[in-house]
Chemist: 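Can you keep this structure in mind? I'll have questions shortly.
Note that ligands are numbered from 1 as they come in the structure, with each ligand's atoms numbered from 1 the same way.
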Amino acid sequence: MVSRVVAAAADRGLDGRIDAQRHDLTRTRPTGPFDLVYACYFHSPVTINRNGVLRQAAAQVAPGGCFLLIDHASPAPWSWKQLDPADIPTPRQTLDDLGLDPAEWFTVRCERIHRTATGPDGHTTATVADNVIVLRRT
Ligand SMILES: C[S@@+](CC[C@H](N)C(=O)[O-])C[C@H]1O[C@@H](n2cnc3c(N)ncnc32)[C@H](O)[C@@H]1O
């Protein structure tokens, strides 16, 4: 993925302006501040301190910046792991678990949405749910 980012940046004449880094986020992370921190389907088949990583990520957001978190809220039929719906947190639970200071964070969006996803075979589709949380740091 890092090499694809670098290649895409070069294709667009942006080389030298993109710093693509690879991290095990339980150990190291890029240091901000950043205007946007975006965690897209940050799930792991191994046990990690996901909340801790996300809290550290939120801490890298600059004042006025945005923290965008998109989580799977239902497994696609082709997923490597099927989940008990009772084990899937609501967007509100995920937001509360982050424990971010409400005086410092404005919630722009915190909701479950549904979308049509296409499977790895390129033609099978299914409706899946995502939790979408958008926060702005004051
Ligand atoms: C379900 S994939 C999502 C991939 C991609 N973000 C996307 O939207 O298609 C889960 C991703 O979480 C990331 N991840 C999980 N554990 C991680 C860790 N310890 N450090 C860094 N990234 C991790 C990896 O990038 C992995 O590909």
Chemist: Under a 4.5 Å cut-off applied to non-hydrogen side-chain atoms, are Val6 and Ile18 in contact?
Modeler: no

Chemist: Apply side chain to side chain donor-acceptor pair (under 3.5 Å) to Thr127 and His114, showing your working.
Modeler: CA-CA 7 Å; Thr127 299; His114 293 83; over 6 Å; no

Chemist: Run down the list Tyr38, Phe42, Tyr41 and name the one with the heavy atom closest to atom 14 (N) of ligand 1.
Modeler: Phe42

Chemist: Using a 4.5 Å cut-off on heavy atoms from C-beta on, say whether the side chain of Asp121 contacts that of Trp78.
Modeler: no

Chemist: Can you confirm whether Phe106 sits close enough to Val134 that some side-chain heavy atom of one is under 4.5 Å from a side-chain heavy atom of the other?
Modeler: no

Chemist: So does Asp71 pair up with Arg112, basic N to acidic O under 4.0 Å?
Modeler: no

Chemist: Looking only at protein heavy atoms, identify the closest one to atom 5 (C) of ligand 1 and say how far it is in Å.
Modeler: Cys40 O, 3.9 Å

Chemist: Is there a donor in the side chain of Thr94 and an acceptor in the side chain of Asp97, or the other way round, less than 3.5 Å apart?
Modeler: no

Chemist: Looking at atom 20 (N) of ligand 1, what's its closest protein heavy atom, distance included?
Modeler: Leu25 N, 2.8 Å

Chemist: Salt bridge or not between Arg115 and Asp130? Use side-chain N to carboxylate O under 4.0 Å.
Modeler: yes

Chemist: Examine His72 against ligand 1 and note whether any of their N/O atoms are separated by less than 3.5 Å.
Modeler: no

Chemist: Among all protein heavy atoms, pick out the one at the shortest distance from atom 19 (N) of ligand 1; state its residue, atom name and that distance to 0.1 Å.
Modeler: Asp24 OD1, 2.9 Å

Chemist: Surrounding CG of Asp35 (heavy atoms of other residues, nucleotides or ligands, distance under 6.0 Å), is the total greater than 12?
Modeler: no

Chemist: Examine Ile48 against ligand 1 and note whether any of their N/O atoms are separated by less than 3.5 Å.
Modeler: no

Chemist: Of the listed options (Arg22, Arg29, His43), which comes nearest to atom 12 (O) of ligand 1 when hydrogens are ignored and any heavy atom counts?
Modeler: His43

Chemist: To which protein heavy atom is atom 21 (C) of ligand 1 closest, and what is the distance rounded to 0.1 Å?
Modeler: His23 O, 3.2 Å

Chemist: Would you say atom 26 (C) of ligand 1 touches the protein, meaning some protein heavy atom is under 4.0 Å from it?
Modeler: no

Chemist: Would you say atom 8 (O) of ligand 1 touches the protein, meaning some protein heavy atom is under 4.0 Å from it?
Modeler: yes

Chemist: Does some non-hydrogen atom of the protein lie less than 4.0 angstrom from atom 17 (C) of ligand 1?
Modeler: yes

